[in-house]
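Since the structure comes first, as structure tokens, the remarks are kept for the end.
Keep in mind the model is a prediction, meaning the values are calculated, not measured. In what follows, chains carry the letters A, B, and so on, assigned in the order in which the sequence lines appear, proteins first and then strands, with residues in each chain numbered from 1.
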Protein chains: 2
Amino acid sequence: MNLKQLSHMLALSQTTVSRALNGYPEVNEETRRRVVDAAKRHGYRPNPSARRLATGKTGMIGYVLPTGTTVDIDPHFVEFLSGLGDYARSHELDLVLSPADADDQETTYRRIVANRQVDAVYISSPRPADRRVALVNTLGIPFIVHGRSEGFDFHYPFTDIDNEGAFHEAARLLVQLGHRRLALINGDDRETFAIHRERGVRRALAASGLVLGDQHVCSLTMTEENGYRAARRLLEQSDAPTAIACSSLIMALGVVRAVRDLGLTIPGDLSLIAHDDVFPWLKPENFSVPLSTTRSSIRLAGARIAERLAARISGLEEGARGEVWPVDLVVRGSVAGAPA
Amino acid sequence: MNLKQLSHMLALSQTTVSRALNGYPEVNEETRRRVVDAAKRHGYRPNPSARRLATGKTGMIGYVLPTGTTVDIDPHFVEFLSGLGDYARSHELDLVLSPADADDQETTYRRIVANRQVDAVYISSPRPADRRVALVNTLGIPFIVHGRSEGFDFHYPFTDIDNEGAFHEAARLLVQLGHRRLALINGDDRETFAIHRERGVRRALAASGLVLGDQHVCSLTMTEENGYRAARRLLEQSDAPTAIACSSLIMALGVVRAVRDLGLTIPGDLSLIAHDDVFPWLKPENFSVPLSTTRSSIRLAGARIAERLAARISGLEEGARGEVWPVDLVVRGSVAGAPA
DNA sequence: AGAGTCTTCCAAAGCGCTTTGGTGATTTTG
DNA sequence: CAAAATCACCAAAGCGCTTTGGAAGACTCT
């Protein structure tokens, strides 16, 4: 059932039927009802290929997926996707993932924009002066950055959490508890979020005249194994930290294992706070010692970004507003006063 | 730069240029070279919207993503995606995720087929007599099932791992080590993979005249917390098992925690084997006691399914061949002889 | 030399929608 | 009451590609 058949059936022109269906004003309400009714009854759905050829609108949002045999997709992605999908579903938006060589994503961005394959894109895990952000900005396609880049001479729309504030609060708490030697097990410090977290820790320490020594900060991709390695390295030092802030729950698993292997205890010998993106399958309260966390649902972020993308596509949102969400500090059993 | 301009520039018809570019035979090789060359030089790329309107081909594969505020996307998905993306990238295929209400995916399948939004789809986590498989089969769109359904009067193409064989081997090993009371901590037993795994364990036990008691099998979604709960329930019974086969590494985390909470040890009091889908961020050899596993890379499966989908789209693959991959049994420190 | 066969190219007709630029009929306005 | 404005609709022109149905010229064959 296509437009031609439907309009013929109604003894109306394609123009009128199209307009009736798309809510244009220049059509009699009575006629519109007839049309809408007939469309529903016959299960008419405009062919999206035809529509996009005519309008250029696709009803899809895009994401360039970095791939490669040695490239791992961030496990957070799936939670983000849950949120994104949840919103997208109720707005008939689809998501197209365009796999790209992790080392050359630009080609793919250019392609999807040139081909008008999607109405908008989002960018995640940005780095300072991220080329993708600059590119997408000049290409002129609507976009939202999940996280923040830095060092541009232009503004851009983003949704981020207050990573610096979160880790500042976490570190401040630890300092208040008497800890003097803090360590940070961070994610990849080429990414902005990691830089912000480190900055937050440093700022909290500085407020008490303390510093975060180079030997007390690790920056690694967020795996259990790396958490373990980092913790061992830190705890086997002569000036081992008495408290650790950790960028991920997955790494925290490794930290806990290392602590156990070394015959230490949490929180007796070591206080631990980790960032929790809220996974349904791994909860901080279920760690052998319930884990204190800085918590922010990445799923909510996904939903919000879908919402903003939809708003930008339909012209409801403009400008380059950045939003920064506060992060909860949830204190559980894994923190205590510094050992004597 | 569109076809019209390019053909005008070459003083050829659109027909000829189109055919030259698409490799049709009825064009002089010399002319083809000229065309291809000019196209490259001017960066001409056919508009996909136009092409799909004309041909119906989209260059995209589809996946219906079950969503909902209470629905969690399987964390395995991201690894699967890595593999899929890895293949898709090198073949200029995109993946479109169509979010659907988890309770009504059929509408979405019908939509993407009716709208010809994708050239093929894949289905994951199938259940016995899965309606999605039946639907997609009658709708006539090329598809591959990742996993298996059962109980149809038709055949369909799938790629699955030998879940039954894997758990059969695991259980057989445990029995050989003298274990008489085995337990199974399984995933959602409405899904085929879980049914097959249980069947494998039962078969191995039966071979030695043993049975898997109802009180010794748990079926839960695969979270750390559920692993913990299941393990506690099992181990606090009067006839607690001396060995557990577990369907996921994430659940195994919970099992290990429960064992520790109860003051037991692995493998002294309990032998443990889990299924490993091969995550980069959580490795069985890094468990406090290295974990024995049945191992099969879900990432490889993703790549294979992309390959088969591509083959079906281009007509290279036909029929309803199902492939079943063998699973490795990797023995590490978490298994030992049954306690006296 | 004329008929048949390739080879190589083209004009034009779709694909199914949106949108431009109208046209009569009806209502409002000065 | 004529002119202007509004309403409700339509025919046809795209959007940019593929594909059908030739057609002109070169070649082979008898």
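With B/His42 contributing its side chain and B/Ala38 its backbone, the two residues share a donor-acceptor pair below 3.5 Å.
Checking C/dC15, D/dT18, C/dC9 against the side-chain heavy atoms of B/Thr55 singles out D/dT18 as nearest. Comparing C/dC9, D/dC15, D/dT18 by their closest approach to the side chain of B/Ser18 singles out D/dT18. With D/dG16, C/dC17, D/dC10 as the candidates, the nucleotide lying closest to the side chain of A/Leu53 is D/dG16. Considering only the side chain of A/Thr31, D/dC9 comes nearest among C/dC9, D/dC9, D/dG16. Considering only the side chain of B/Arg19, C/dC10 comes nearest among D/dC17, C/dC10, C/dT20. Checking C/dC9, C/dT18, D/dC9 against every side-chain atom of B/Asn28, the shortest atom distance belongs to C/dC9.
Between A/Asp119 and A/Lys57 there is no salt bridge, since none of the side-chain N atoms of the basic residue sits less than 4.0 Å from a carboxylate O of the acidic one.
In this structure, the CG atom of B/Leu21 is 16 Å from the P atom of D/dG16, given to the nearest Å. Across the protein-nucleic acid pair, B/Leu3 atom CG and D/dC17 atom C1' stand 7 Å apart, rounded to whole Å. The separation between A/Asn2 atom CG and C/dT18 atom C1' is 14 Å, rounded to whole Å. In this structure, B/Arg32 places its CZ atom 13 Å from C1' of C/dC9, rounding to the nearest Å. If you take CG of A/Asn115 and P of D/dG16, they are 12 Å apart, rounded to a whole angstrom. Taking atom CG on B/Asn22 and atom C1' on D/dG16, their separation rounds to 13 Å, with Å as the unit. With rounding to whole Å, B/Lys57 atom NZ is found 16 Å from D/dT19 atom C1'. Atom CZ of A/Arg34 and atom C1' of D/dA8 are 12 Å apart (whole Å).
Nucleic acid contact for B/Arg52: none, since no nucleic acid atom lies under 4.0 Å from a heavy atom of the residue. Counting non-hydrogen atoms under 4.0 angstrom, B/Ala11 reaches the backbone sugars and phosphates but no base.
For NE2 of B/His91, the number of neighbouring non-hydrogen atoms (other residues, nucleotides, ligands) closer than 6.0 Å is greater than 12. Around the CZ atom of A/Arg116, the shell of radius 6.0 Å holds no more than 12 heavy atoms that belong to other residues, nucleotides or ligands.
Using bins of under 30°, 30° to 60° and over 60° for the plane-to-plane angle, the ring pair A/His146/A/Phe80 lands in the parallel bin. A parallel orientation is assigned to the rings of A/Phe152 and A/Phe154, their planes being inclined by less than 30° (bins at 30° and 60°).
Under 4.0 angstrom from either OP1 or OP2 of D/dC17 there lies at least one side-chain N or O belonging to B/Tyr44. Of the side-chain N and O atoms in B/Tyr24, none sit less than 4.0 angstrom from OP1 or OP2 of D/dT18. Side-chain N/O atoms of A/Asn47 include none lying less than 4.0 angstrom from OP1 or OP2 on C/dC17. B/Ser13 has a side-chain polar atom (N or O) that falls below the 4.0 Å cut-off from OP1 or OP2 of C/dC10.
Toward the 5′ end of DNA chain C lies the nearest nucleotide of B/Leu12, the other residue of the pair B/Leu12 and A/Met1 mapping further downstream. DNA chain C is contacted by both A/Thr15 and B/Thr15; B/Thr15 maps to the nucleotide lying nearer its 5′ end (nearest heavy atom per residue).
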